[in-house]
Amino acid sequence: MKKLLSMLGLSTVTLVPSLALAAPAVADKADNAFMMICTALVLFMTLPGVALFYGGLLRSKNVLSMLTQVTVTFALVCVLWVLYGYSLAFSEGNAFFGGFETAMLKGIGIDSVTGTFSQMIHVAFQCSFACITVALIVGGFAERIRFSAVVIFAAIWFTISYLPVAHMVWGGGFLAADGALDFAGGTVVHINAASAGLVGAYLLGKRAGFGKEAFKPHNLPMVFTGASILYIGWFGFNAGSASAANGIAALAFLNTVVATAGAILSWTFAEWIVRGKPSLLGACSGCIAGLVAVTPAAGTVGVGGALIIGLVGGVAGLWGVVTLKKWLKVDDTCDVFGVHGVCGIVGCLLTGVFTASSLGGTGYAEGVTMGHQVWVQLLSVIITLVWSGVAAFIAFKVAGAIVGLRVPEEQEREGLDVNSHGESAYNQ
């Protein structure tokens with residue numbers, strides 16, 4: 001039979017489709033390489049991107065405490081992700097949690113494939129998102145929290161907030177079934193982290209001397225360096241969320257460039273008008289605002305829509321850190337909610353608008369109208385805010401009961417670097 005088929009120039013696979021179906025899936029080398037590079041870029045966003053950005057915003061006596069908190073929570077989330085995190089986020093389960101079928105990466109080998117690339121790379125890529133989300137939170141209550149409380153909080157919140165929200169949006173859970181659009185983490189990462197940071201800022205209270213003393217960033221070049229690293233790394237964040245080196249990845253890449261540039265300009269010029277002078281801190285903050293705002297929309301809106309999202313995001317972020325922060329009467333040290341929360345919400349809602357094909361987007365699911373999509377986006381925002389806020393409250397209360405949340409005022413005034421870690425960033 002094989003000889004006859006060979007003479008006819010045909011293969012057994014051509015004539016017997018069942019043999020083709022039985023062939024194992026093979027990862028595409030180009031997509032594999034692309035996703036590994038994107039994963040490395042997202043990891044680079046946390047260490048050192050977030051650490052440097054936040055560290056520069058603090059006073060010099062607390063910069064090492066921030067670098068340590070980001071580094072250790074990064075490592076903690078990596079370990080928990082492998083133990084059970086990936087499984088609970090991406091295994092089949094119910095509407096809110098996955099199962100334990102891939103705990104400790106059971107059943108995931110070197111030949112396992114997700115889409116067109118190795119499942120091991122998928123594990124690493126999604127791990128990088130979990131790491132940066134927890135790292136973003138610590139900026140909300142910096143300069144006054146016990147290090148041990150940060151570690152306990154991070155482990156609990158990651159388990160009861162990050163994992164279920166990731167499953168609901170990306171793992172086939174409730175919000176995914178409802179049709180929510182979140183290309184690269186507007187709800188899962190930014191709103192999720194912002195809500196937790198805000199709850200933490202309220203529970204820990206304001207820093208000693210807040211409102212009476214000048215709390216200025218101690219190192220703006222460090223802030224600029226961190227922001228620049230985040231801008232570069234964000235291309236992995238957004239383009240990598242296409243899960244392949246394809247046209248959607250290219251769209252997300254270009255949208256990230258354009259939206260961020262628009263937000264830098266809108267924040268800078270708005271600040272120039274309101275305060276009389278444009279600042280480097282404002283430009284860097286505008287950069288982050290634009291990146292956050294375009295994240296949920298990067299792969300589904302057109303370039304014009306991305307530009308508008310960036311322009312709106314820059315102004316919204318400035319409003320969040322100047323006006324909303326005063327209304328809330330909260331000491332959100334690094335403006336986690338003002339930037340990641342406000343701009344994340346703006347980006348999620350505008351995703352529902354500019355995904356419309358009539359506005360240059362890739363279009364909605366069949367039968368979905370703009371009004372319905374915006375409603376679904378709003379629902380996803382509300383659910384994420386509430387879920388994360390409640391989870392953070394529980395996590396902080398548990399940490400407070402075990403070790404206490406706040407350092408004594410004397411140690412706070414002297415600085416966490418020396419008192420919590422026995423180090424000093426700048427030797428005199």
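Since the model is a prediction, treat every value here as computed from it, not as a measurement.
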For N255 and N238: C-alpha separation, side-chain torsions, deciding distance, then whether side-chain contact (heavy atoms from CB on, under 4.5 Å) applies. CA-CA 9 Å; N255 281 344; N238 284 355; over 6 Å; no
Do F174 and W387 have ring centroids that are under 6.0 Å from one another?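 Not close enough - the centres of the two rings lie 6.0 Å or further apart.
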Show your working on side-chain contact (heavy atoms from CB on, under 4.5 Å) between C334 and L58 and close with a plain yes or no. CA-CA 8 Å; C334 297; L58 305 186; 3.9 Å; yes
When rounded to the nearest 0.5 angstrom, what is the spacing between [atom1] in [X] and [atom2] in [Y]?
| X | Y | atom1 | atom2 | answer |
| --- | --- | --- | --- | --- |
| S128 | L47 | OG | CG | 11.5 Å |
| L57 | N219 | CG | CG | 10.0 Å |
| L105 | Y84 | CG | OH | 13.5 Å |
| S65 | E423 | OG | CD | 10.5 Å |
| T68 | N62 | OG1 | CG | 11.0 Å |
| T225 | L52 | OG1 | CG | 6.5 Å |

Consider side-chain hydrogen bond (donor to acceptor under 3.5 Å, both in side chains). Of D331, D332, D335, which one does K325 pass it with?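 Of all the options given, the one that passes is D335.
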Does one side chain, of [X] or [Y], offer a donor that lies under 3.5 Å from an acceptor on the other?
| X | Y | value |
| --- | --- | --- |
| T351 | Q377 | no |
| Y426 | H218 | yes |
| T102 | S91 | yes |
| Y54 | T333 | no |

Give me the atom names and distance for the closest heavy-atom approach of [X] to [Y].
| X | Y | result |
| --- | --- | --- |
| G107 | S112 | O-OG, 3.6 Å |
| C38 | G240 | SG-CA, 3.5 Å |
| T46 | A135 | CG2-CB, 3.8 Å |
| A154 | T73 | CB-CG2, 4.0 Å |
| G404 | A149 | O-CB, 3.6 Å |
| I145 | L416 | O-CD1, 3.9 Å |

Side chain to side chain, [X] and [Y], heavy atoms closer than 4.5 Å:
| X | Y | value |
| --- | --- | --- |
| N419 | V407 | no |
| M36 | F117 | no |
| I108 | Y86 | yes |
| F74 | T71 | no |
| V123 | W81 | yes |
| H167 | F96 | no |
| L251 | T362 | yes |
| M35 | I121 | yes |

Parallel, tilted or perpendicular, judged at 30° and 60°: which one describes the rings of F237 and W234?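 Tilted: the ring planes of F237 and W234 meet at 30° to 60°.
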Which label fits F153 and F141: parallel for a plane angle under 30°, tilted from 30 to 60°, or perpendicular past 60°?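 F153 and F141: perpendicular rings.
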Sidechain-backbone polar pair: [X] side chain, [Y] backbone, donor-acceptor under 3.5 Å:
| X | Y | value |
| --- | --- | --- |
| E271 | S279 | yes |
| Q69 | G139 | no |
| R144 | G205 | yes |
| T268 | L265 | no |
| S266 | L311 | yes |
| R406 | L204 | yes |

Can you check side-chain contact (heavy atoms from CB on, under 4.5 Å) on N246 and F34, steps first, answer last? CA-CA 10 Å; N246 56 22; F34 172 72; over 6 Å; no
Let me check something: any side-chain donor-acceptor pairs from residues 183-201 under 3.5 Å, sequence neighbours excluded? List them with distances.
from: T187; atom 1: OG1; to: D182; atom 2: OD2; distance (Å): 2.4
from: H190; atom 1: ND1; to: H340; atom 2: ND1; distance (Å): 3.1
from: N192; atom 1: OD1; to: S161; atom 2: OG; distance (Å): 3.0
from: N192; atom 1: OD1; to: S388; atom 2: OG; distance (Å): 3.3
from: N192; atom 1: ND2; to: V188; atom 2: O; distance (Å): 3.0
from: S195; atom 1: OG; to: L385; atom 2: O; distance (Å): 2.8
from: S195; atom 1: OG; to: G389; atom 2: N; distance (Å): 3.2

If you count the non-hydrogen atoms of other residues, nucleotides and ligands that lie under 6.0 Å from CD in E92, is the total more than 12?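 At most 12 heavy atoms, drawn from other residues, nucleotides or ligands, come within 6.0 Å of this atom.
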Please indicate whether F147 has more than 12 foreign heavy atoms, meaning atoms of other residues, nucleotides or ligands, lying under 6.0 Å from its CZ.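 Counting other residues, nucleotides and ligands, CZ of F147 exceeds 12 neighbours.
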Start with the C-alpha gap between Y364 and H372, add the side-chain angles, then the distance that decides, and say whether ring pair (Phe, Tyr, Trp, His ring centres under 6.0 Å) holds. CA-CA 10 Å; Y364 306 123; H372 176 75; 9.4 Å; no
Go through it in stages, so that I can follow the logic: the residues are V303 and L307, the test is side-chain contact (heavy atoms from CB on, under 4.5 Å), and I'd like the CA-CA distance, side-chain angles, deciding distance and then a yes or no. CA-CA 6 Å; V303 178; L307 176 58; 5.7 Å; no
Between E143 and R59, is the closest basic N to carboxylate O distance under 4.0 Å?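 Between E143 and R59 there is a salt bridge, with a charged N closer than 4.0 Å to a carboxylate O.
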